[in-house]
Amino acid sequence: MNEVIKAILERRTYRSFTDEAVSAEQVRTILDCALAAPSGMGKQTWKFTAVVNPEKIQRLATAVGAALKRGAYYNMYKPQVLVITSNLRDSKYREVDNACAMENIYLACQGLGLGCVWINQLQDCHDESAVRGILTEFGIPEEHGVYGCAAIGYPAKPPAAKEIIGQWAIVE
């Protein structure tokens, strides 16, 4: 089977990670894959910010948890890397562009033997004062909204079996 097709069909979401560090080379590869995603009209108005410091990730998670009234337990699954996908607020294609990039991030993780889970809570609270302060500290421009994050690390356990469900049709 073609390796790309195999990666798509075998990709899983992981919600628990080991403490093993993800290498800088792996992070760069993931970011390059995000940048290779298609974007509306080729405008590429996005930015991908990789946070590789677990304490900074947890500080952001705590601020997000407070903003969403989730309490102290919110931890974004304790990843070793958090890739924050942001885009210009007024970009017509911001959410779709970032979704394409997130899929590339997922597939890059699959190819590198890493696990990944999509975190979407920042989309709802990226302008809360405490959260925005941290995002600004991380270099995310004020004119950007956050449209997804990828929590990444080495999977703590093997993937569960996954049944592919849904519908498709061929019309001739």
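Count residues from 1 along the sequence. Note: hydrogens, waters and symmetry copies are ignored here, and every other heavy atom, side chains too, is used.
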- line: Residue set satisfying side chain to side chain contact (heavy atoms under 4.5 Å, CB included) with S16, at least two apart, ordered chain then number -> A156, K157
Test side chain to side chain contact (heavy atoms under 4.5 Å, CB included) applied to I57 and V52, N75, L82, the passing residue: L82
- prompt: Just wondering, more than 12 heavy atoms not from N2 lying within 6.0 Å of its CG?
  reply: yes
field: Within one Ile-Leu-Val-Met-Phe-Trp-Tyr cluster: V51 and L35, side-chain cutoff 4.5 Å
entry: no
- prompt: Side-chain contact, heavy-atom cut-off 4.5 Å: P54 with K78?
  reply: no
task: Report whether F17 and V81 are members of the same hydrophobic cluster (ILVMFWY, side-chain heavy atoms less than 4.5 Å apart, transitive linking).
output: no
field: K47, NZ: over 12 other non-hydrogen atoms inside 6.0 angstrom
entry: yes
side-chain hydrogen bond (donor to acceptor under 3.5 Å, both in side chains) partners for R59, two or more places apart: E137
- request: Check the hydrophobic clustering (I, L, V, M, F, W, Y; side-chain heavy atoms under 4.5 Å; chains of links allowed) and say if L107 and L31 are grouped together.
  value: no
- request: State the CG-CD distance between D90 and E143, to the nearest 0.5 angstrom.
  value: 9.0 Å
message: According to a hydrophobic-cluster definition based on side-chain heavy atoms being under 4.5 Å apart (Ile, Leu, Val, Met, Phe, Trp, Tyr only), do I105 and L112 belong together?
response: yes
statement: In terms of heavy-atom contacts, S91 and T45 come closest through OG-OG1, 3.2 Å
query: Any chance the side chains of Q58 and T62 put a donor and an acceptor closer than 3.5 Å?
result: yes
- prompt: Looking at side-chain heavy atoms only, is the closest gap between Y14 and Y154 below 4.5 Å?
  reply: no
- prompt: Out of curiosity, does I119 fall in the hydrophobic cluster containing I140 (side-chain heavy atoms, cut-off under 4.5 Å, transitive links)?
  reply: yes
field: Y147 side chain to R94 side chain, donor-acceptor N/O pair below 3.5 angstrom
entry: yes
message: Salt bridge or not between K92 and D97? Use side-chain N to carboxylate O under 4.0 Å.
response: no
- prompt: Is a side-chain donor or acceptor of T85 paired with a backbone partner of G148 at a separation under 3.5 angstrom?
  reply: yes
- prompt: Does anything in residues 120-139 pair up under ring-ring contact (aromatic ring centres under 6.0 Å, His included), and if so which pairs, sequence neighbours excluded?
  reply: none
query: Do S23 and Q26 have a side chain donor and acceptor closer than 3.5 Å?
result: yes
statement: d(N87 CG, K43 NZ) to nearest 0.5 Å is 11.5 Å
- prompt: Taking the side chain as C-beta and beyond, is there a heavy-atom pair between Q80 and E20 under 4.5 Å?
  reply: no
